[in-house]
Amino acid sequence: MEGSLLHIYPTNDGSLSLHHTSLDETYHSRLGAYKESMHVFVKEGFQRWLTKNEKNEISIFELGFGTGLNAILTCHESLQLRSQVNYHGIEKFPVPNKLLNALNYKELPIANKEIPNLVNAAPWNIWTKLTPNFSLFKQQGDMLEEQISGPFDLVYFDAFAPSKQPALWKYDILKKLINQMKTNAMLVSYSAMGQFKRDLKSLGLEVINPPGALGKREMTVAIKH
């Protein structure tokens, strides 16, 4: 049972995350789950795209929905910025609700404390409007096998590390994602692995490497022109 493989641990910024014992992999940085997600996906992804495109409506796809933290923080930010978000996340092994509730994400520094509950309770495989600004589709499935329906403005590439889930970082998966991205769409990831960046470039994306979260030297932002 997937839930029995997951254990809660505190990260250095006080937010909680999960450790997958079978993979010996954490869902977020031990230095700070909240700060990592805010930096990589909200600041360098969501906010960067909105600023670059001067639009207030955006379609987001997340590979590796996990604990829903990226969705929670993006939903919160959408209310602050009054932007309209359609958010589609895929996850092969959904985290049990009991564990999600134990992560206590309502204690994060977000104004609307109901957002974590709304994200956690949203049904799978159906679009749900969580707030006037944010609609969510949680797809239970394997990215290696499932079809995804875009087009997307922004991709949160948040799979487990390449050493743990190498199949998700292959050229064919990246091509599958990029084919569903609009012109001027962006892909963001905490990883700055060399082969990952080379594959993105070979697929025609412009790759830049802003500083990563919590002292990490680089992360990846890739733009489709």
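Note that the structure is predicted; figures quoted are calculated from it, not measured.
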Flag, side chain of [X] to backbone of [Y], donor-acceptor distance under 3.5 Å:
X: T11; Y: A33; value: yes
X: K182; Y: L154; value: no
X: T74; Y: A71; value: no

- Item | Test log, rule side chain to side chain contact (heavy atoms under 4.5 Å, CB included), inputs H19 and Y9 | CA-CA 7 Å; H19 177 248; Y9 71 93; 4.0 Å; yes

- Task: Taking the six-membered ring for Trp and the full ring for Phe, Tyr or His, determine whether the centres of F157 and W169 are under 6.0 Å apart.
- Result: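 Centroid separation for F157 and W169: below 6.0 Å.
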
- Among side-chain atoms of N53 and D153, is any donor-acceptor pair under 3.5 angstrom?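 No - no donor-acceptor pair under 3.5 Å links their side chains.
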
- So, E77 versus Q47: side-chain donor-acceptor pair below 3.5 Å or not?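 Judged by distance alone, the side chains do pair up.
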
Exercise: identify the closest heavy-atom pair between [X] and [Y]:
X: M143; Y: L168; result: CB-CD2, 3.8 Å
X: K92; Y: P94; result: O-CD, 3.5 Å
X: F134; Y: C75; result: CD1-CA, 3.5 Å
X: S149; Y: H88; result: O-ND1, 4.4 Å
X: T183; Y: H225; result: CG2-C, 3.8 Å

- Query: In terms of the angle between their ring planes, are F137 and W127 parallel, tilted or perpendicular, with boundaries placed at 30° and 60°?
  - Reply: tilted

- Task: Please work out whether the ring planes of F65 and Y87 are parallel, tilted or perpendicular, with thresholds of 30° and 60°.
- Result: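 Correct class here is perpendicular.
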
- Is atom NZ of K216 surrounded by more than 12 heavy atoms (other residues, nucleotides or ligands) closer than 6.0 Å? yes

- Start with the C-alpha distance between V119 and L130, add both sets of side-chain angles, then the distance that settles side chain to side chain contact (heavy atoms under 4.5 Å, CB included), and finish with yes or no. CA-CA 7 Å; V119 171; L130 302 189; 3.8 Å; yes

- Stepwise side chain to side chain contact (heavy atoms under 4.5 Å, CB included) test for K138 and N125: CA-CA 6 Å; K138 300 192 302 192; N125 302 314; over 6 Å; no

